[in-house]
Protein chains: 2
Amino acid sequence: MKALTEIPQAPGRIGRIGRAGRTGRAGRSDTIYEVAQQAGVSIATVSRVMRGTAGVAPDTRERVLRSVSDLRYTPSRSARSLAEGRHAASGIVFPDLSGPYFAEVVLGYEEVAAETGRSVLILTTHGREAARERVLDLAARVDGMVVLGRTVGDDVLAELVSKGLPLVVLARYPVEGADSVNAANEASAYALTTHLARDHGHRSFAFLGDAGASTDTSDRWRGFTQALADCGVPVPSAPVPCPFDEDDGRAAAERLLVDRPPRALVCANDEIALGAITAAEALGLRVPDDLAITGWDDLMAARHSRPGLTTVSQPMRALGALAAHRLHERVAGDRNEPRHEVLPTQLVQRASCGHHPEENR
Amino acid sequence: MKALTEIPQAPGRIGRIGRAGRTGRAGRSDTIYEVAQQAGVSIATVSRVMRGTAGVAPDTRERVLRSVSDLRYTPSRSARSLAEGRHAASGIVFPDLSGPYFAEVVLGYEEVAAETGRSVLILTTHGREAARERVLDLAARVDGMVVLGRTVGDDVLAELVSKGLPLVVLARYPVEGADSVNAANEASAYALTTHLARDHGHRSFAFLGDAGASTDTSDRWRGFTQALADCGVPVPSAPVPCPFDEDDGRAAAERLLVDRPPRALVCANDEIALGAITAAEALGLRVPDDLAITGWDDLMAARHSRPGLTTVSQPMRALGALAAHRLHERVAGDRNEPRHEVLPTQLVQRASCGHHPEENR
DNA sequence: TTGTAAGCGTTATCAT
DNA sequence: ATGATAACGCTTACAA
């Protein structure tokens, strides 16, 4: 007779008994137990085969693989995540997908994330109240995330960092404990504005865009004012506030142009600029003869518009891709010191800023 | 001495002993156990409070909530998914995000999915080999998914359906066991082509687009040929193959137009059409005087191009939103019979198809 | 109203 | 090379 201490440990999986009999039900996928039973091995061996862990005999391996494909077994992702303590997924948070900018950024991001074996969750905040909760919820599903400007406040980001979540911010000022990726907004604004003032000789400017809402815009505003000051041109006291949207651009431009039209109108993005062109033409102003207009982003429409829109081309896809790479490094634990990077942009001269000698459209 | 059968069940959670002492480590979030201990209740009660399940005394509830916020506790998503047997997430699979079409669809989708309390995973296939594996991997992370055309074969979709995964296809022919959502491609192609033949009197046509690659395109081709036949206009034997891209459109149009230019060129989307306009102008053909060109999608660039591009406007966002709704119904188990829906489109007449009496741009 | 503990489906440690 | 089983962190039936 055995003493209590000699009694074999009761199996933790008492409930496993009677597991059979629920096969074939649609929507109920098989588990590692069914595969193990079918193959006549333990679940540990099945797990080894699935994960490619070394140390499984070739014929055992074959047998398991056959059962796997017979039963069309797919491991449960939640169980795996729970056991591994990771999600093999990352997230990206942006304000909205409308307009090509965010779509391109996300595309660049997804591509790299997929290459590094990570699924991608997206979240748009739409400037909604619940943004904080949604972002925190997302944080529970991923191993790290990228957050774009104009989504949630720095307090939320600090919370994420304090939870130990790898974080990269994009098109947003750096925050403690996170990497950042930005386009060269100030430099390109400076170059663009200098081109307008120096090369075309424009002496009266306005800036259309909401500098308070976006770090991109406020950087562009800063480069704009700096260039004007350096060129000895009067500097407007503030940007003309305007959301990132074509209709808003048209409306804001209409109000501005009726009143006291400047000679050159620097818009915070192409959508605003295209709206402004429409407004200018409706008011009988010729672009660029009466009014120069420029944008940002180099959308397809900028190339096809009449007149062609002078703008700044941003490496949108590269921004997303770089953010994905930096996030991957952080998640993999390859690096801890924050890294802040600025990607170069390019001035694209077309007809809307004034006539160029070598103009071709 | 007790018989074996009388031995009390060994607790499943032997390892819980000694759980304390690992607090404060960054990146290691607290669990329901810490909260329970802090609040002086059991984990079941914490769970009830977190889930809002009825039957918790107000003061107990308060105490728990305080501990939750003290410890900044967020439930583990994988553990929750494992226990609940659901992910509270859904996925959307598309070929690529470039161009505004997919971005808009995804945006409409995400918005509705978020409203129904579901996170959104995205997957782009890029026409890659690994598409099947990626899609199956995604399937393990979601409660249901939407698959767009030109991503994976019907065999993969059948596999998903047989696994019991709720499925909606978008811009793709219906498959057994899944809902489908499409735009009225054939009808709008018919209307567009009839407009060109009847209203503008064009008698020689070509169609630019790869009908084999996309159900959208093959439906458009069908409506196109039907309209020509009904108008008594010679029907081309086949589409001029061309990918969905501006450069490809330009290249394909160049080859076509040098040879034997038709009077009207119907393109499968706006990007192709805009490329074709560029090609036509490079060859000295005037649009629409020498050659009418039309597109599909009504991109921003179609509105701003010179000449304005006649095109078909699709409810892209609504397509995504509807797919999300249908998927939600399926996931919730509200409905089992497949539903196939076709959303209306709209012909947008601009200058590129010929001169209209009431033309305004 | 609250607690106990089984169960979710994996991974990985430790024996053998 | 393989098996037994603890552990992952929750939800929920059942008991009290």
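Naming convention: chains lettered A, B, ... in sequence-line order (proteins, then strands); numbering from 1 in each chain. Atom set for the values below is all heavy atoms of this structure, side chains included, hydrogens, waters and symmetry mates excluded. Nothing here was measured: the structure is a model prediction, and the numbers come from that model.
- Separating the CG atom of A:D30 from the P atom of C:dC8 is a distance of 14 Å, rounded to the nearest angstrom.
- Below the 3.5 angstrom threshold, one finds no donor paired with an acceptor across the side chain of B:R77 and the base of D:dG9.
- The side chain of B:R86 contributes no N or O atom lying less than 4.0 Å from OP1 or OP2 of D:dT11.
- Checked by atom type, the side-chain pair B:S119/A:R141 shows a donor-acceptor distance below 3.5 Å.
- One interatomic measurement links the two molecules: CD of B:Q37 to P of C:dG3, which rounds to 13 Å at whole-angstrom precision.
- Within the 4.0 angstrom heavy-atom criterion, base atoms lie near B:A44.
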- [ ] Determine, step by step, whether A:R118 and A:E110 satisfy the salt bridge (charged side-chain N to carboxylate O under 4.0 Å, His left out) criterion, reporting the C-alpha distance in whole Å, the side-chain angles of both residues, the deciding distance to 0.1 Å, and the verdict.
- [x] CA-CA 9 Å; A:R118 235 171 278 284; A:E110 197 271 351; over 6 Å; no
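- We find that CD1 of A:I32 is positioned 19 Å from P of C:dG7, with the value rounded to whole Å.
- Position along DNA chain C of the nearest nucleotide to A:T53 versus B:A83 favours B:A83 as the more 5'-ward residue.
- Considering only heavy atoms from C-beta on, A:R86 stays 4.5 Å or farther from A:R80 through its side chain.
- Without hydrogens or angle criteria, A:S76 side chain to A:A79 main chain gives a donor-acceptor distance under 3.5 Å.
- Heavy atoms of B:G55 sit under 4.0 angstrom from at least one base atom.
- Atom C1' of nucleotide C:dC8 and atom NE2 of B:H87 are separated by 12 Å, given to the nearest angstrom.
- B:R48 comes within contact range of at least one nucleobase, with a heavy-atom separation under 4.0 Å.
- An OP1 or OP2 oxygen of D:dG3 is reached within less than 4.0 angstrom by a side-chain nitrogen or oxygen of A:S42.
- With A:D179 as the fixed residue, the salt bridge (Lys or Arg N to Asp or Glu O under 4.0 Å) test singles out one of A:R326, A:R335, A:R172, A:R339: A:R335.
- Picking from D:dC10, C:dT2, D:dT12 the nucleotide with the shortest atom distance to the side chain of B:T60 gives C:dT2.
- Atom CG of A:L82 and atom P of D:dT11 are 12 Å apart (whole Å).
- Ranked by how close their nearest DNA chain C nucleotide is to the 5' end, B:E84 and B:P58 are led by B:P58.
- Nucleic acid contact class of B:S76 (heavy atoms, under 4.0 Å, all strands): sugar-phosphate only.
- At the heavy-atom level, B:S78 lies nowhere under 4.0 Å from the strands shown.
- With 3.5 Å as the limit, one finds no donor-acceptor pair spanning the side chains of A:Y73 and A:T31.
- Between D:dC10 and B:Y73, a contact under 4.0 Å exists linking OP1 or OP2 to a side-chain N or O.
- Atom P of nucleotide D:dG3 and atom CD1 of A:I43 are separated by 11 Å, given to the nearest angstrom.
- Checking C:dT2, D:dT11, C:dT10 against every side-chain atom of B:T45, the shortest atom distance belongs to C:dT2.
- The CZ atom of B:R61 sits 12 Å away from the P atom of C:dT1 (whole-angstrom rounding).
- Here the P atom of nucleotide D:dT12 and the CE atom of B:M50 are 14 Å apart, to the nearest Å.
- Listed nucleotides C:dT2, D:dG3, C:dT10 differ in distance to B:V56; the shortest reach to its side chain belongs to C:dT2.
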